[in-house]
Amino acid sequence: MNVDRKQLMPALQSKVDELKLLGYEQATIEDVWNCLMVKKWKKNKEEKRLFELVNDVLSLRASDYMAYVVQKEQKHDHWFTEEGLSELEQLF
């Protein structure tokens with residue numbers, strides 16, 4: 001499936017704004033985009049129309065987004081690297 005990110009920018013920005021209003025201040029267009037690529041569009045081999053893609057973006061639930069972010073962070077867990085230890089020291 002070939003998705004044109006530029007055409008979806010208004011919908012992506014709207015979703016990021018919504019997530020931030022819900023308290024997810026770390027939400028970015030990049031994370032929302034990657035979440036959709038992994039969660040909704042990964043298995044989809046057929047072409048979707050623009051309105052279907054916009055619907056996918058706008059119907060992304062905050063809980064699905066957070067599950068993606070948590071999973072991503074667990075995969076890139078860096079607490080025991082030098083940078084991660086420095087962050088831990090700052091926390092305590």
Side-chain angles (χ1 to χ4, degrees):
M1 182 174 78
N2 189 9
V3 181
D4 185 6
R5 185 173 170 167
K6 250 190 260 187
Q7 288 184 304
L8 294 175
M9 286 306 286
L12 290 165
Q13 186 60 57
S14 176
K15 180 52 67 175
V16 168
D17 293 345
E18 175 189 333
L19 290 167
K20 287 184 177 186
L21 281 173
L22 294 172
Y24 302 109
E25 290 296 321
Q26 79 286 359
T28 65
I29 289 175
E30 188 70 27
D31 276 343
V32 170
W33 175 261
N34 290 334
C35 176
L36 289 161
M37 293 297 285
V38 169
K39 298 283 186 183
K40 289 203 179 225
W41 300 330
K42 183 177 182 181
K43 296 177 187 172
N44 198 343
K45 302 294 182 208
E46 63 189 51
E47 288 298 314
K48 285 189 168 194
R49 294 180 177 171
L50 181 59
F51 76 89
E52 293 171 314
L53 296 170
V54 170
N55 184 56
D56 287 345
V57 173
L58 297 179
S59 65
L60 178 66
R61 296 183 321 205
S63 59
D64 292 337
Y65 170 76
M66 280 312 297
Y68 165 79
V69 170
V70 168
Q71 183 181 26
K72 181 183 82 163
E73 289 301 317
Q74 287 175 345
K75 284 183 181 178
H76 297 97
D77 196 2
H78 68 277
W79 291 114
F80 298 106
T81 64
E82 199 168 313
E83 179 185 337
L85 290 173
S86 171
E87 289 178 23
L88 281 174
E89 287 175 2
Q90 290 177 2
L91 287 173
F92 299 106

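Counting begins at 1 with the first residue of the sequence. Just so it is clear, the values below take in all heavy atoms, side chains as well, and ignore hydrogens, waters and symmetry mates. Just so it is clear, the model here is predicted, and its values are computed rather than measured.
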**Student:** Who passes side-chain contact (heavy atoms from CB on, under 4.5 Å) against E52, sequence neighbours left out?
**Tutor:** K48, R49

**Student:** For E30, give me all partners under salt bridge (charged side-chain N to carboxylate O under 4.0 Å, His left out), at least two apart in sequence or on another chain.
**Tutor:** R5

**Student:** Report the C-alpha distance between L8 and L36 in whole Å, list the side-chain angles of each, state the deciding distance to 0.1 Å, and finish with yes or no for side-chain contact (heavy atoms from CB on, under 4.5 Å).
**Tutor:** CA-CA 12 Å; L8 294 175; L36 289 161; over 6 Å; no

**Student:** Are L58 and L21 connected into the same hydrophobic cluster when the rule is that any two of I, L, V, M, F, W, Y join if their side-chain heavy atoms are below 4.5 Å apart?
**Tutor:** no

**Student:** So which atom in A11 and which in V57 form the shortest heavy-atom distance, rounded to 0.1 Å?
**Tutor:** O-CG1, 3.4 Å

**Student:** Which heavy atom of I29 sits nearest to which heavy atom of V16, and what is that distance?
**Tutor:** N-CG2, 3.5 Å

**Student:** N34 and K72: side-chain contact (heavy atoms from CB on, under 4.5 Å), yes or no, with the steps?
**Tutor:** CA-CA 10 Å; N34 290 334; K72 181 183 82 163; over 6 Å; no

**Student:** If the condition is salt bridge (charged side-chain N to carboxylate O under 4.0 Å, His left out), which residues does D17 pass it with, not counting sequence neighbours?
**Tutor:** none

**Student:** Run the side-chain donor-acceptor check on residues 59-66: report pairs under 3.5 Å with partners two or more places apart or on a different chain.
**Tutor:**
{"residue": "S59", "atom": "OG", "partner": "K40", "partner atom": "NZ", "Å": "3.4"}
{"residue": "S59", "atom": "OG", "partner": "N55", "partner atom": "O", "Å": "2.7"}
{"residue": "S59", "atom": "OG", "partner": "D56", "partner atom": "O", "Å": "3.4"}
{"residue": "R61", "atom": "NE", "partner": "D64", "partner atom": "OD2", "Å": "3.4"}
{"residue": "R61", "atom": "NH2", "partner": "D64", "partner atom": "OD1", "Å": "3.2"}

**Student:** Provide the full list of ring pair (Phe, Tyr, Trp, His ring centres under 6.0 Å) pairs with a residue in residues 13-32, sequence neighbours left out, each pair given once.
**Tutor:** none

**Student:** Of V69, V32, T28, which meets side chain to side chain contact (heavy atoms under 4.5 Å, CB included) against L19?
**Tutor:** V32

**Student:** Mind checking side-chain hydrogen bond (donor to acceptor under 3.5 Å, both in side chains) for Q7 and listing every partner two or more places apart, or none if nothing turns up?
**Tutor:** none

